[in-house]
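In this chain, numbering begins with 1 at the start of the sequence shown. None of the values given here were measured: they were computed from a predicted structure.
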Amino acid sequence: MRKTTLCYLEKDSCYLMLHRTKKKNDFNEGKWIGVGGKLEEGETVTECLKREVFEETGLILNSYKPRGIIFFFSEKYEDEEMYLFTSDDFSGELDFNCNEGDLKWIPEEDVLSLNLWEGDRYFLTPMMESDRFFIMSVYYDSENNLVRYEPRGTTFAERVYEATANIPCGMVSTYGDVAVMAGYPGAARAVGNVLHKNPYDEIIPCHRVVNAKGRLATCFGFGDGIQEERLRSEGVIVKDNHVDKKYFL
């Protein structure tokens with residue numbers, strides 16, 4: 001499964017859209033999409049995000065917001081795991097001379113009327129209407145017709161990651177509460193096991209999950225002291241390896 005990033009830049013109630021008209025043998029030919037592309041070998045998700053935005057627009061991302069993970073399954077093309085972002089904080093001068101197509105600022109209310117991949121409408125709508133993070137699966141047949149879509153994570157792990165991603169910066173939640181948000185009340189221990197193996201460290205903030213008493217993980221999945229460091233960087237006060245309940249979501 002190939003991995004890609006896609007970013008929608010926002011300005012003055014418009015989104016920067018790329019009309020794919022120039023690249024040879026482009027399976028996106030004629031479609032309007034955001035800017036992004038495939039992760040190169042050894043490249044992280046955020047490295048790919050920044051590189052692709054700069055290469056296609058000449059703009060530098062100062063900050064960005066993860067919005068979702070979309071799985072595309074196709075009978076014709078390689079399956080794809082796409083990391084979706086938005087950003088309204090960028091600098092530089094927009095270079096409209098993109099070698100893959102034509103860039104244009106499109107008013108938000110006009111985006112869904114463009115020639116889009118049909119499945120894109122199902123993630124663009126929640127992306128534009130809400131700040132919530134979501135995981136979605138989209139299925140196409142051999143003729144590129146949309147077969148169906150799953151509007152949220154389909155596995156236990158995906159629903160846990162989706163729930164965790166929606167814990168606001170500067171707040172924490174418990175394993176038990178994440179289990180409830182994921183739709184599996186009573187599965188706190190299983191939530192802990194899933195988060196310990198989190199493959200989306202750049203996107204899913206598992207450091208915001210603590211036990212019922214506010215205690216940090218005894219063996220955080222990404223190294224000792226990392227959870228406390230990340231929480232402190234977000235304004236959460238950690239004392240004696242515990243977070244005060246005033247920071248609980």
4.5 Å side-chain heavy-atom contact, I167 and V209: yes
Lys/Arg-Asp/Glu bridge criterion (N-O < 4.0 Å) met for R2, E81: no
Quick one: CG on L94 to CZ on F96, what's the gap to the nearest 0.5 Å? 4.0 Å
Please report the shortest heavy-atom distance between L18 and G34, naming the atom on each side. CB-O, 4.0 Å
Distance-only donor-acceptor check, side chains T4 and E80, under 3.5 Å: yes
For E10 and T86, which heavy atoms make the closest approach, and how far apart are they? OE2-CB, 3.4 Å
Can you list everything that forms a side-chain hydrogen bond (donor to acceptor under 3.5 Å, both in side chains) with T125? Sequence neighbours excluded, please. none
Any side chain to side chain donor-acceptor pair (under 3.5 Å) involving residues 106-117? Give me the pairs, sequence neighbours left out, ordered by first then second residue. N28-W117
Give, for atom CD of E234 and atom CZ of R230, the distance between the pair rounded to the nearest 0.5 Å. 9.0 Å
Qualifying salt bridge (Lys or Arg N to Asp or Glu O under 4.0 Å) pairs, either residue in residues 123-132, two or more places apart: none
Could you go step by step and tell me if T155 and Y161 meet the side chain to side chain contact (heavy atoms under 4.5 Å, CB included) rule? CA-CA 10 Å; T155 68; Y161 294 139; over 6 Å; no
Passes side chain to side chain contact (heavy atoms under 4.5 Å, CB included), I69 versus L84? Steps please. CA-CA 6 Å; I69 301 173; L84 179 66; over 6 Å; no
Within the distance-only criterion (no hydrogens, no angle test), does the side chain of K22 pair as donor or acceptor with the backbone N or O of C98 below 3.5 angstrom? yes
Answer whether the closest heavy-atom distance between the side chains of M17 and L114 falls below 4.5 Å. yes
Residue pair V35 / L103, side-chain heavy-atom distance below 4.5 Å: yes
Any pair counted as salt bridge (Lys or Arg N to Asp or Glu O under 4.0 Å), so long as it reaches residues 145-163, sequence neighbours left out: R148-E150, R152-E162
Using 0.5 Å steps for rounding, measure from the CD atom of E55 to the CD atom of E100. 8.5 Å
Evaluate the side chain to side chain contact (heavy atoms under 4.5 Å, CB included) criterion for residues V53 and F90: first the C-alpha distance (whole Å), next the side-chain angles of each, then the deciding distance (0.1 Å), finally the verdict. CA-CA 10 Å; V53 169; F90 43 86; over 6 Å; no
What I want to find out is whether K24 reaches E29 closely enough, with some N-O distance under 4.0 Å, to be called a salt bridge. no
If you take all heavy atoms of C7 and L49, which pair is closest and at what distance? CB-CD1, 3.6 Å
Provide the closest heavy-atom pair for C48 versus K38 in the form atom of the first, atom of the second, distance. SG-O, 3.7 Å
Per the ring pair (Phe, Tyr, Trp, His ring centres under 6.0 Å) rule, what does the pair list look like for residues 31-60, sequence neighbours excluded? H19-W32
Looking at every non-hydrogen atom in both residues, tell me the closest pair between E52 and G36 and how far apart they are. OE1-O, 3.3 Å
Side chains of V147 and F73, heavy atoms from C-beta outward: is any pair under 4.5 Å? no
Can you give me every donor-acceptor pair (side chain of residues 135-146, partner residue at least two apart or in another chain, under 3.5 Å) with its distance?
unit_1 : atom_1 : unit_2 : atom_2 : d
Y140   : OH     : G119   : N      : 2.8
D141   : OD1    : E143   : N      : 2.8
D141   : OD1    : N144   : N      : 3.1
D141   : OD1    : N145   : N      : 2.9
D141   : OD2    : N145   : ND2    : 3.4

For V210, the rest of its hydrophobic cluster, which grows through side-chain links under 4.5 angstrom: V172, L216, L231, V236, I237, V238, V243, Y247, F248
Sub-4.5 Å side-chain heavy-atom contact between I204 and F133: yes
Kindly compute the distance separating CD (E229) from NE2 (H207), expressed to the nearest 0.5 Å. 10.5 Å
Quick one: side-chain hydrogen bond (donor to acceptor under 3.5 Å, both in side chains) partners of S87, sequence neighbours excluded? none
Salt bridge check, E47 against K50: does any charged N sit closer than 4.0 Å to a carboxylate O? no
Return a table of donor-acceptor pairs under 3.5 angstrom between the side chains of residues 58-68 and protein atoms on other chains or two or more places apart.
unit_1 : atom_1 : unit_2 : atom_2 : d
N62    : OD1    : S91    : OG     : 3.4
N62    : ND2    : D89    : OD1    : 3.2
S63    : OG     : D89    : OD2    : 2.8
R67    : NH1    : M127   : O      : 3.3
R67    : NH2    : M127   : O      : 3.0
R67    : NH2    : S130   : O      : 2.3

Worked check of side chain to side chain contact (heavy atoms under 4.5 Å, CB included) between L16 and K11: CA-CA 8 Å; L16 185 63; K11 185 182 73 170; over 6 Å; no
Just how far is it from atom SG of C14 to atom OH of Y8, taken to the nearest 0.5 Å? 15.0 Å
Residues that E56 engages under side-chain hydrogen bond (donor to acceptor under 3.5 Å, both in side chains), provided they are two or more places apart: none
What do you reckon, is CD of E93 surrounded by more than 12 foreign heavy atoms closer than 6.0 Å? no
Ignoring hydrogens and geometry, is there a side-chain-to-backbone donor-acceptor pair from D240 to H242 under 3.5 Å? no
Would I70 end up clustered with L6 when hydrophobic side chains under 4.5 Å apart are linked, directly or stepwise? yes
Can you list the residues that meet the side-chain hydrogen bond (donor to acceptor under 3.5 Å, both in side chains) rule with T174, with sequence neighbours excluded? D177
Can you list the steps and then say if E202 with T46 is a side-chain hydrogen bond (donor to acceptor under 3.5 Å, both in side chains)? CA-CA 7 Å; E202 296 179 88; T46 53; 2.6 Å; yes
Locate the shortest heavy-atom distance separating Y83 from F85; write the atom from each residue and the value. O-CD1, 3.5 Å
With ring pair (Phe, Tyr, Trp, His ring centres under 6.0 Å) as the rule and sequence neighbours excluded, what pairs involving residues 173-195 come up? F156-Y184
Between CG of D201 and CD1 of I226, what distance do you get to the nearest 0.5 Å? 9.5 Å
